[in-house]
Amino acid sequence: MNQITFHHDTVLSDVHMHLPYVRHLMTRLNRVGQPGVYHTMSTPLEDVGKQVWRGAFFLADFILSKPVMFRGAAVLELGAGTGLTSIIVATIAKTVYCTDVGDDLLSMCKSNVMLNRHIMEPAGSEVKVRQLDWFQHDLCTDADVEFSWTEEEVADMHNNTGIIIAADVCYDDHLTDGFFRTLYQLCSNFTHTCTIFISIEKRMNFTLRNMDVSCEAYDHFIHCLSQLQDLVDGRCSFKVEQLPSNFAQFLLYERIEQLAWELLGVP
Ligand SMILES: C[S@@+](CC[C@H](N)C(=O)[O-])C[C@H]1O[C@@H](n2cnc3c(N)ncnc32)[C@H](O)[C@@H]1O
């Protein structure tokens, strides 16, 4: 039996804690159909994308509750991890660029997309799993590199993306800065207005520094949101709004304090 071994940097997403084995296939659990995705139960911090996080379910629920908004859309997901939210949006949208970093993770994500082709078929959508690193200024277009982009895909993504989605990607201040820089760069390169949906879990941590519980990652996220909103540089402007969290629940997971934000990026 596979046991979880805890190291100093082991992290658990809390999703499916009742099945503590290293890898399994989620089954369809309700009438909507839960996608089956391969994922792991615990990972070191640098591999958190191989776990499914509650924010992925929460954003997927938001998408399922607003099908008109996503129907026929060209969507880009940042930090897609196992690909669960991309798979859900692909049941409604037209094209999805499902992006993250690392060949291992992207291979797992691609397998998950293939595994769920049948639930995307009715929409006739296309999901492309590609590398998009928030700390690389340019997208890799080297044909010899797996998960790289073609020049046509880069142009298509810049010219047609109407919606960006990101689930649970703001848990480390340095990564959050890279993520927000990426949002800014993308929206500045787009030829049209783009709507961005971000889900985040407000995690409380006790810190010795404050001798109290605080949500530092969340606070930094809010700080980055307000910086983006206050930006006046003539290249791009953003309108930020918190979304009500009481939309319908279609997928099976425990809802706690997850929050969703909508940003309108206007080039
Ligand atoms: C907590 S996981 C969330 C994964 C998935 N969205 C979910 O909610 O299940 C954070 C994700 O951000 C990705 N990430 C971390 N650093 C990144 C970077 N520099 N560029 C792109 N993605 C990154 C990780 O690989 C991981 O998939």
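Start at 1 and go down the list; that is how both ligands and their atoms are numbered. We're numbering straight along the sequence, starting at 1.
Near Ala56, with a cut-off below 4.0 Å to any heavy atom, the atoms of ligand 1 are 7 (C), 8 (O), 9 (O). Heavy-atom contacts of Phe135 reach the following atoms of ligand 1: 19 (N) (cutoff under 4.0 Å). Each of the atoms 9 (O) of ligand 1 lies under 4.0 Å from some heavy atom of Val52. Each of the atoms 25 (O), 27 (O) of ligand 1 lies under 4.0 Å from some heavy atom of Leu105. Close approach of ligand 1 to Leu132 is summarised as follows: ligand atoms under 4.0 Å from at least one heavy atom of the residue are 20 (N), 21 (C). Below 4.0 Å from some heavy atom of Asp168 lie the following atoms of ligand 1, by number and element: 1 (C), 2 (S), 3 (C), 8 (O), 10 (C). Taking a cut-off of under 4.0 Å to the non-hydrogen atoms of Gln51, the atoms of ligand 1 that pass are 9 (O).
Taking each of Gly81, Gly49, Gly79 in turn, the one with a heavy atom nearest to atom 6 (N) of ligand 1 proves to be Gly79.
Under a hydrophobic-cluster definition in which Ile, Leu, Val, Met, Phe, Trp and Tyr are linked whenever side-chain heavy atoms come within less than 4.5 Å, directly or via other members, Leu84 and Ile119 are assigned to the same cluster. Hydrophobic clustering (side-chain heavy atoms under 4.5 Å, transitive across Ile, Leu, Val, Met, Phe, Trp, Tyr) groups Ile198 together with Leu231. Taking hydrophobic clusters as Ile, Leu, Val, Met, Phe, Trp and Tyr residues chained together by side-chain heavy-atom distances below 4.5 Å, Phe135 shares a cluster with Tyr171. Cluster annotation: Leu105 and Val96 are assigned to distinct hydrophobic clusters (Ile/Leu/Val/Met/Phe/Trp/Tyr, side-chain heavy-atom contacts under 4.5 Å, transitive). Hydrophobic clustering (side-chain heavy atoms under 4.5 Å, transitive across Ile, Leu, Val, Met, Phe, Trp, Tyr) keeps Leu183 apart from Val101.
The shell of residues lying under 4.0 angstrom from ligand 1, judged by heavy atoms, includes Ala80. Using a 4.0 Å heavy-atom cutoff, Lys50 is absent from the residues neighbouring ligand 1.
Between atom OG of residue Ser86 and atom CG of residue Asp100 there is a gap of 9.5 Å, rounded to the nearest 0.5 Å. Here the CZ atom belonging to Phe190 is positioned 9.5 Å from the CG atom belonging to Asn159, to the nearest 0.5 angstrom. Expressed to the nearest 0.5 Å, how far CD1 of Ile256 lies from OG of Ser245 amounts to 11.5 Å.
Not one N or O of Val101 is nearer than 3.5 Å to an N or O of ligand 1, by distance alone. Between Trp134 and ligand 1, an N or O atom pair is found at a separation short of 3.5 Å. Any N or O atom pair closer than 3.5 Å counts here, and Ala167 shares at least one such pair with ligand 1. When only interatomic distances are considered, the shortest N/O to N/O separation between Asp133 and ligand 1 falls below 3.5 Å.
At a heavy-atom distance under 4.0 Å, no atom of Thr82 approaches ligand 1. When non-hydrogen atoms are compared, ligand 1 lies under 4.0 Å from neither the backbone nor the side chain of Phe179. Under 4.0 angstrom from ligand 1, there are no non-hydrogen atoms of Ala166. By the criterion of a heavy-atom distance under 4.0 Å, neither the backbone nor the side chain of Arg54 is placed next to ligand 1.
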- Task: Mind running side-chain contact (heavy atoms from CB on, under 4.5 Å) on Cys170 and Phe180 for me, showing each step along the way?
- Result: CA-CA 9 Å; Cys170 296; Phe180 273 91; 4.2 Å; yes
- Message: Evaluate Asp104 against Asp47 for side-chain contact (heavy atoms from CB on, under 4.5 Å), listing each step before the verdict.
- Response: CA-CA 9 Å; Asp104 244 27; Asp47 273 340; 5.7 Å; no
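The protein heavy atom nearest to atom 16 (N) of ligand 1 is Leu175 CD2, 3.5 Å. Taking atom 15 (C) of ligand 1 as the reference point, the nearest protein heavy-atom neighbour is Tyr171 OH, 3.8 Å. Summary of contacts: the protein heavy atom closest to atom 25 (O) of ligand 1 is Asp100 OD1, 2.6 Å. If you check which protein heavy atom lies closest to atom 9 (O) of ligand 1, you get Trp53 N, 3.0 Å.
Relative ring orientation between Phe197 and Phe70 is described as tilted, the plane-to-plane angle lying within the 30° to 60° band.
Here the rule is side-chain contact (heavy atoms from CB on, under 4.5 Å) with His220, and of Thr176, Leu225, Asp172 only Thr176 fits it.
Here the side chain of Thr161 pairs no donor or acceptor atom with the backbone of His158 at under 3.5 angstrom.
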